[in-house]
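Scroll down for the structure; my scribbles are underneath it.
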Amino acid sequence: MPVDLSQVLIVEDDTAHIEAIARAFARISPDTRILRAGSLAEYRQAIALDSPDIVLMDLNLPDGRATEALSNGRVDQPFPVMIMTAHGDETRAVEAMKAGAIDYLVKSPETFATMPQTTARALREWRLRRDRERMEVELRDTSERLTAVMDSIPSLIYVADPETFEILFINAYGRAIWGDITGQTCWQSLQTNQTGPCPFCTNDQLLPRSEKPGQNVVWEFQNTRDGRWYECRDQAIRWSDGRWVRMEIATDITERKLAEEELRKLSLAVEQSPAAVLITDPAGTVEYVNPKFTRVTGYTLEEAQARTPSLLKSEGMSEEAYRDLLDRLTSGEEWHGEIRSRRKNGSRFWELASISPVLGADGAITHFVAVKEDISDRKDYEAQLEYLSTHDELTGLANRALLSDRLEQSIHYAQRSERQVAVLLLDLDRFKFINDSLGHDFGDRLLCEVARRLAESVREADTVARLGGDEFVLLLTELAGTKDAGLVANKILRQLAEPYRLDGREITLTASLGISLYPRDGLDVATLIRNADTAMYQSKRESSTFSYYATEMNQKVLATLELEGGLRNALERREFCLHYQPQVDLASGRVIGCEALLRWLHPQKGMISPDDFIPLAEETGLITPIGAWVLDEACRQAIAWQKAGLPELRMAVNLSARQFRKGDLPQQVRKTLYQTGLAADRLELELTESMVMDDPVGAKQTMQGLKDLGISLSLDDFGTGYSSLNYLRRFPVDSLKIDRSFIRDVVIDPSGASVVNSIVDIAHNLRIAAVAEGVETREQLDFLVGCGCDSYQGFFFSKPIPADDFTRLLRGE
Ligand SMILES: Nc1nc2c(ncn2[C@@H]2O[C@H](COP(=O)(O)O[C@H]3[C@@H](O)[C@H](n4cnc5c(=O)[nH]c(N)nc54)O[C@@H]3COP(=O)(O)O)[C@@H](O)[C@H]2O)c(=O)[nH]1
């Protein structure tokens with residue numbers, strides 16, 4: 001008997017039955033111990049003390065029915081109970097089975113005789129059933145636990161049969177996304193939920209039907225419902241029924257995908273970036289350079305890798321700036337700046353660099369990223385702008401701004417070194433005339449040549465600047481003594497005086513130069529330049545080569561500036577008037593004409609002599625409108641006298657050099673004559689020798705233009721200037737006015753008398769009149785009569801007088 005039947009409990013109130021059963025066991029299964037109980041109470045005591053393998057229980061016991069002792073189908077019942085019943089009681093026996101008995105037997109001697117076999121069989125079946133039930137419970141538990149585990153995994157898990165394509169299982173995560181697709185086939189569910197091919201249905205290569213465990217396949221799909229990405233790992237597992245199925249574990253990789261996409265975009269952006277990008281490790285070893293870097297520097301990724309950014313041999317960064325860069329980067333900050341680097345081919349270029357540290361999750365620096373832009377063009381442009389803003393375009397010399405800058409620096413340096421600084425301001429004489437007559441192009445080239453000579457005359461450390469026009473400044477630094485500036489000034493003036501050969505012409509230039517010295521003549525840029533300018537004007541006035549600045553000059557300049565201010569308004573304010581000095585015929589003693597002489601009645605200073613303001617008017621250009629007014633006024637007065645019936649006179653008007661050089665003088669005179677109505681032969685214009693000799697060719701042309709109008713021309717102050725007879729011969733003049741300095745000497749100095757005699761002779765030889773100026777005495781007059789002079793003017797006859805007085809004089813009042 002294969003079943004282990006060690007103890008059998010017989011619950012029966014009929015001892016005969018018990019004994020019949022016991023005998024059967026003694027015979028068939030002698031090792032089986034028979035326990036006995038006569039009632040339900042004894043039954044309970046017996047199972048409390050012993051643990052029988054099986055219980056044989058009479059249905060009806062003295063203290064109750066067997067059903068009361070049954071467990072109502074509980075699985076945890078430790079032993080099976082078999083009901084014994086009398087014939088006809090089967091219905092109750094069935095009830096007892098429903099209450100938990102495993103079987104029932106109808107009592108009979110046969111039943112008792114085979115009881116050991118029956119019991120053994122029943123026990124075996126019960127045990128089998130119990131074990132199965134337990135296993136089932138365990139399995140159910142395991143399955144529930146597994147499902148709970150599966151459901152708690154934040155991944156989509158499903159199991160499918162590769163043969164039938166049936167979905168056997170899907171976890172909670174999957175159900176939340178796709179619903180419960182268990183029982184459906186792949187093509188019914190997966191294909192609508194995933195992008196890409198279903199590995200079960202379409203890709204036999206990926207998933208051979210006869211899968212073996214361990215052959216994993218990994219693929220990615222996108223869930224069509226919410227667009228999220230999954231990485232799916234396929235695995236063969238043995239299903240509960242023993243067949244091989246596929247378990248798919250799909251993990252949400254959307255964030256990783258997005259990050260990858262970001263990274264892909266970023267790396268694409270870096271690859272295609274118009275800026276050069278260089279990435280190093282924390283030690284500065286290059287790990288990556290982009291194609292733009294290669295294009296700019298010539299270094300390929302392979303050439304740059306494993307080297308440091310020093311391969312670009314950057315420069316232009318001070319020690320301090322470099323330390324700042326390192327400090328910033330190592331403390332996790334960005335650095336921006338301009339660096340001058342060298343390409344692989346050795347050429348230099350400028351980069352605008354932004355270098356940033358890249359921090360890892362732990363906050364430590366993992367990389368440095370440098371983004372660089374080639375700014376060489378911009379730098380060149382800036383340098384060009386810088387050059388243009390600090391240099392004179394025509395000559396390439398420093399301009400005023402750069403000069404001021406350098407002068408300021410020199411002052412600072414001189415303060416410490418106790419040396420002197422000299423400012424030499426130089427103005428070319430007659431440059432405007434050359435420029436106007438020979439053309440601006442010629443003038444420009446002449447200025448360039450002057451600039452070249454100036455630059456060559458001084459040391460490298462000195463500065464030569466052009467302030468504009470024909471005005472130059474030389475800044476001499478580190479002068480040991482005051483005299484040094486004068487030595488340099490002389491050298492410069494000598495250099496400039498060398499002839500210039502341009503366009504087949506040879507011309508000479510002179511210059512006026514003023515010197516101011518730091519600290520003696522000023523402590524700042526503006527004062528030093530202003531005082532050098534004052535000194536230069538002094539040189540110009542005195543026709544000296546150069547002058548050192550002196551304080552008095554400033555007062556003179558201030559007075560001049562004040563005068564200039566008044567002069568600018570004088571015309572408008574009608575402060576000018578004319579006085580007239582009679583010109584007398586020596587033979588007849590008659591007044592034959594007069595010279596109009598300008599007077600300025602200043603509201604505060606009273607009458608100002610023309611000697612004091614005509615040169616200033618000339619210098620400032622104000623002489624042009626003033627001269628025009630004089631001409632107009634003198635002509636109107638002459639007409640007024642004519643109309644008043646006074647004897648016909650010739651009106652002499654002085655011309656200034658500027659008026660004479662202005663090309664339109666004949667036209668202007670014609671217009672005045674026309675407007676005033678004076679006949680041309682009643683007007684005489686007085687020129688000086690210097691006006692004519694400056695530009696003899698042009699002068700002759702202008703004089704001829706005036707002569708063609710019918711007016712007379714006289715050469716004033718004759719004898720004091722060039723007195724070139726050669727030119728005099730060719731000029732269309734009508735009279736020579738002998739300067740009053742010669743007349744003054746005629747009676748006291750024989751040589752003075754000879755000069756006057758000679759001038760009178762020259763005039764007559766040239767068939768022109770001789771007019772004596774400044775006749776103050778009878779002796780002078782007698783001398784002039786004696787030497788045949790034609791006419792005279794002077795205090796002897798009359799001082800210059802106002803028009804009304806002149807009218808009375810003519811009337812003999
Ligand atoms: N371009 C212009 N120049 C002018 C004009 N008006 C005058 N001037 C020039 O100014 C200079 C000074 O002139 P002024 O003080 O008027 O002196 C004149 C006479 O007063 C003076 N003179 C005349 N006679 C005598 C004399 O007997 N003794 C003496 N000491 N001086 C005398 O001479 C001046 C006239 O000289 P000049 O013109 O050379 O004939 C003077 O150079 C004027 O030219 C003007 O409108 N435009």
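Both counts, for ligands and for their atoms, begin at 1 and track the order of listing.
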Protein residue, atom and distance nearest to [atom], heavy-atom basis:
atom: atom 15 (O) of ligand 1; answer: Pro610 CD, 3.6 Å
atom: atom 16 (O) of ligand 1; answer: Arg599 NH1, 2.8 Å
atom: atom 7 (C) of ligand 1; answer: Leu597 CD2, 3.6 Å
atom: atom 20 (O) of ligand 1; answer: Pro800 CG, 3.3 Å
atom: atom 27 (O) of ligand 1; answer: Phe795 N, 2.9 Å

Mutual orientation of the aromatic rings belonging to Trp641 and Tyr580 [parallel < 30°, tilted 30-60°, perpendicular > 60°]
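Because their plane-to-plane angle is over 60°, the rings of Trp641 and Tyr580 count as perpendicular.
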Measure up the Tyr792 and Phe797 rings against each other and bin them: parallel (under 30°), tilted (30 to 60°), perpendicular (over 60°).
perpendicular
Less than 4.0 Å between a side-chain N and a carboxylate O, is that true for [Y] and [X]?
X: Asp805; Y: Arg808; value: yes
X: Glu456; Y: Arg452; value: yes
X: Arg466; Y: Glu471; value: no
X: Lys737; Y: Asp717; value: no
X: Arg400; Y: Asp392; value: no
X: Asp664; Y: Lys662; value: yes

Face-on cation placement of Arg778 at Phe796 ring, 6.0 Å and 45° thresholds
no
Any nitrogen or oxygen of Asp716 lying under 3.5 Å from a nitrogen or oxygen in ligand 1? Just yes or no.
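Such a contact does occur with ligand 1.
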May I ask you to list the atoms of ligand 1 that are less than 4.0 angstrom from any heavy atom of [X]?
X: Asp611; value: 11 (C), 12 (C)
X: Val630; value: 46 (O)
X: Gly794; value: 24 (N), 27 (O)
X: Glu776; value: 26 (C), 27 (O), 28 (N), 29 (C), 30 (N)
X: Lys737; value: 40 (O)
X: Leu655; value: 1 (N)

Under a 4.0 Å heavy-atom limit, does [X] contact ligand 1 with its side chain, its backbone, both, or neither?
X: Asn654; value: both
X: Leu598; value: both
X: Asp739; value: neither
X: Glu595; value: side chain
X: Val653; value: neither

As a test of understanding, state which of Glu773, Lys799, Gln793, Glu595 forms a side-chain hydrogen bond (donor to acceptor under 3.5 Å, both in side chains) with Gln581.
Gln793
Are His579 and ligand 1 in contact, using a heavy-atom cut-off of under 4.0 Å?
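No, His579 has no heavy atom closer than 4.0 Å to ligand 1.
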Can you confirm whether Arg453 sits close enough to Leu496 that some side-chain heavy atom of one is under 4.5 Å from a side-chain heavy atom of the other?
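Answer yes - side chains close enough.
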Intermediate values then yes/no, side-chain hydrogen bond (donor to acceptor under 3.5 Å, both in side chains), Ser512 and Asp429
CA-CA 7 Å; Ser512 306; Asp429 300 329; 2.8 Å; yes
Quick one: which of Gln581, Gln793, Glu773, Arg740 has a heavy atom closest to atom 34 (C) of ligand 1?
Arg740
